[in-house]
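All values below come from the heavy atoms of this structure, side chains included, with hydrogens, waters and symmetry mates left out. Since this is a predicted model, take the numbers as computed values, not measurements. Residue numbering restarts at 1 for every chain, and letters A, B, ... go by the order of the sequence lines.
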Number of protein chains: 4
Amino acid sequence: MASVNKVILVGHLGKDPEIRYLDGNVSVASFPLATSEFYNKDGKKVEQTEWHNVVLWRALADLAVKYLKKGKLVYIEGKLRTRTYEDKEGIRRFATEIVADSFNLLGRRSDFEPQNSGKPSESGEQPEESKVDFRENDDDNDGLPF
Amino acid sequence: MASVNKVILVGHLGKDPEIRYLDGNVSVASFPLATSEFYNKDGKKVEQTEWHNVVLWRALADLAVKYLKKGKLVYIEGKLRTRTYEDKEGIRRFATEIVADSFNLLGRRSDFEPQNSGKPSESGEQPEESKVDFRENDDDNDGLPF
Amino acid sequence: MASVNKVILVGHLGKDPEIRYLDGNVSVASFPLATSEFYNKDGKKVEQTEWHNVVLWRALADLAVKYLKKGKLVYIEGKLRTRTYEDKEGIRRFATEIVADSFNLLGRRSDFEPQNSGKPSESGEQPEESKVDFRENDDDNDGLPF
Amino acid sequence: MASVNKVILVGHLGKDPEIRYLDGNVSVASFPLATSEFYNKDGKKVEQTEWHNVVLWRALADLAVKYLKKGKLVYIEGKLRTRTYEDKEGIRRFATEIVADSFNLLGRRSDFEPQNSGKPSESGEQPEESKVDFRENDDDNDGLPF
DNA sequence: TTTT
DNA sequence: TTTT
């Protein structure tokens, strides 16, 4: 208790989001996000790019696939999570990810049109801006999207 | 440009900070920080603890050694940085750290008295609260503490 | 769209939360929160205290009344909202508030026991830590309180 | 001590920054910033815009005048400050402002060219991206820009 | 007074 | 692997 674990990122997607379905119905999307810093080294400006592994669950994963594309600028709020896994040699490794709580597309209106995703898109669907600033509710922790 | 990489943590130190001196004068301190979340699994409350590797440079490293101790509750602002290194088998590995920009002790006044550190403490020293909310200025990027 | 309005505060309550009930059932709680900064003026350390009006709605209001008390240290996330109102002379005035999205008690375990509130407390109730880091769900966006 | 007062905004400038010079040399700039939220009221999408008074000091004020213009999208980090003043009738009023610590232009490259400002521009000057993510150091609190 |  |  008495703790806070919060990450705020604004950066560009390095790839389109990839989505997987756990147990056939729980969506998990992920993508790499780049943030950059500039500093001077011997009088020359040098860019240092940091790559973040962003992971999104359930309804937020579906929204990511629909609205986010490689190259887009996005604001992300989430938390840090370090997973343990075994590599091919059976050695314990760590991977740190940003588990998103919400995201927010930044940029021009034309950037906000939904993109084709792996899932067949519902016919007659309208892009709904208010959906994009979706905040996932996992209070009940029931494994279901809502 | 046009990017933001910000981490905000409130958690407890898992160990006293460790300090090293690069090239004999640049200080680098680090410590593990725990944040926890509670969720319900099959009706029981389960605590999930996340461990973060916090790294502090120069004057901020010196302050960390002076004011922070295992078990203390601290607010930290910083950025994510993933380092690449080779493990013993020569395989490329990644380690994600939080590079602190500032920290802020939370808790009772008695927690704010400086602790003994590796460096000999200056005699007659007064704990200076305003030092603790130190914000490092590395705009000039000269590799020096100030 | 494409906008972010976020406030993060760690400070002490200046008073116990006050709660009101709109239309008999929607809870609204509020309290003043103090944050302080220290700076040097002519060699003397000066404390500058900032007072924030924190407002909480619905379930979060009920939790605030239950867990927060004058003097407690609390982490708050929320958004800025400036209300317009007319003062006694009929002149239009502005009041800026922090509308909380979540809060998190900081401090010792003994601080986390629920306090008596205006509402009769439910018998046999156990303080539930996980309730305190409540995040309000307004996903459905139906204009109704829940 | 033990307190945090942080505001994070992404929004559009409602006007060009205005700059004043205190005592002839300390710069203070300010501008209104809009953030918006969308919600459904009776089946219609309604936009609610929040206006923030952003204030910048010294070197940051000069950068704001140079790089920010009405309509631009900007990321701002700062703190809340409520000023007291007397209105024309001699009544004590409050005005809450966001005192910026840093800002970051968001958007297309063409948005990052410096704009004409009230001050005569230095000849031969190159727009320097790294200047834009300037973080003011007012640790020493000497009233001078650096 | 911004933007979508 | 992004972007400027």
Side-chain angles (χ1 to χ4, degrees), chain A residues 9-18 30-39 45-54 64 67-76 98 103-114 126-133, chain B residues 1-5 82 84 94, chain C residues 1-5 82 84 94, chain D residues 9-18 30-39 44-54 67-76 98 103-114 126-133:
Chain A
L9 301 174
V10 176
H12 293 273
L13 281 84
K15 289 185 184 173
D16 288 358
E18 284 177 12
S30 63
F31 56 81
L33 188 86
T35 58
S36 330
E37 256 192 312
F38 296 86
Y39 64 95
K45 186 157 56 173
V46 179
E47 177 176 11
Q48 185 171 346
T49 297
E50 197 63 33
W51 286 99
H52 311 274
N53 300 313
V54 178
Y67 289 101
L68 302 183
K69 274 289 170 192
K70 176 176 172 172
K72 297 294 186 205
L73 184 66
V74 66
Y75 170 92
I76 288 171
I98 288 86
F103 68 82
N104 215 333
L105 259 168
L106 303 175
R108 280 148 299 144
R109 155 74 82 155
S110 61
D111 290 348
F112 296 103
E113 267 128 52
Q126 289 297 103
E128 265 259 328
E129 284 181 339
S130 58
K131 277 183 181 171
V132 178
D133 190 8
Chain B
M1 160 166 278
S3 89
V4 174
N5 173 359
T82 299
T84 306
F94 299 92
Chain C
M1 161 162 277
S3 89
V4 174
N5 173 359
T82 298
T84 306
F94 300 92
Chain D
L9 301 174
V10 175
H12 290 91
L13 281 84
K15 290 185 185 174
D16 290 356
E18 285 176 12
S30 62
F31 56 81
L33 188 86
T35 59
S36 331
E37 256 191 311
F38 296 86
Y39 64 94
K44 287 176 296 188
K45 186 157 57 173
V46 179
E47 178 175 11
Q48 185 170 348
T49 297
E50 197 63 33
W51 286 100
H52 311 274
N53 300 314
V54 179
Y67 289 101
L68 302 182
K69 275 286 170 193
K70 176 176 171 172
K72 297 294 184 203
L73 184 66
V74 66
Y75 170 93
I76 287 172
I98 288 86
F103 69 81
N104 215 333
L105 258 167
L106 303 174
R108 281 148 299 145
R109 155 74 81 158
S110 61
D111 290 348
F112 297 102
E113 267 129 51
Q126 288 299 99
E128 265 259 329
E129 284 182 338
S130 57
K131 277 182 181 172
V132 178
D133 190 7

Among dT2(F), dT4(E), dT2(E), the one nearest Phe38(D) by side-chain distance: dT4(E)
d(CG, Leu33(D); P, dT2(E)) in whole Å: 13 Å
Distance in angstrom units between Leu106(A) CG and dT3(E) P, rounded: 16 Å
Among Leu68(D), Val10(D), Val54(D), the one residue meeting side-chain contact (heavy atoms from CB on, under 4.5 Å) with Val74(D): Leu68(D)
Touch class at under 4.0 angstrom, heavy-atom based, for Thr49(A) against every strand present: base
Atom-to-atom span, OH of Tyr75(D) to P of dT2(E) - whole angstrom: 25 Å
side-chain hydrogen bond (donor to acceptor under 3.5 Å, both in side chains) partners for Asn53(D), two or more places apart: none
Length of the NZ-P vector between Lys72(D) and dT4(E), whole Å: 11 Å
Residues in side-chain hydrogen bond (donor to acceptor under 3.5 Å, both in side chains) contact with Thr49(A), at least two apart in sequence or another chain: none
Whole-Å gap separating P (dT3(E)) and NZ (Lys69(D)): 14 Å
Leu13(D) side chain near Lys69(D) side chain, heavy-atom distance below 4.5 Å: no
Whole-Å distance separating the CD atom of Glu47(A) from the C1' atom of dT2(F): 9 Å
Sugar-phosphate only, base, or nothing, as touched by Lys15(A) at under 4.0 Å among non-hydrogen atoms: base
Interatomic distance, Asn104(A) CG vs dT4(E) C1' [rounded to whole Å]: 12 Å
Base of dT2(F) and ring of Trp51(A) stacked, centres under 5.5 Å, planes under 30°: no
Length of the CZ-P vector between Phe103(A) and dT2(F), whole Å: 21 Å
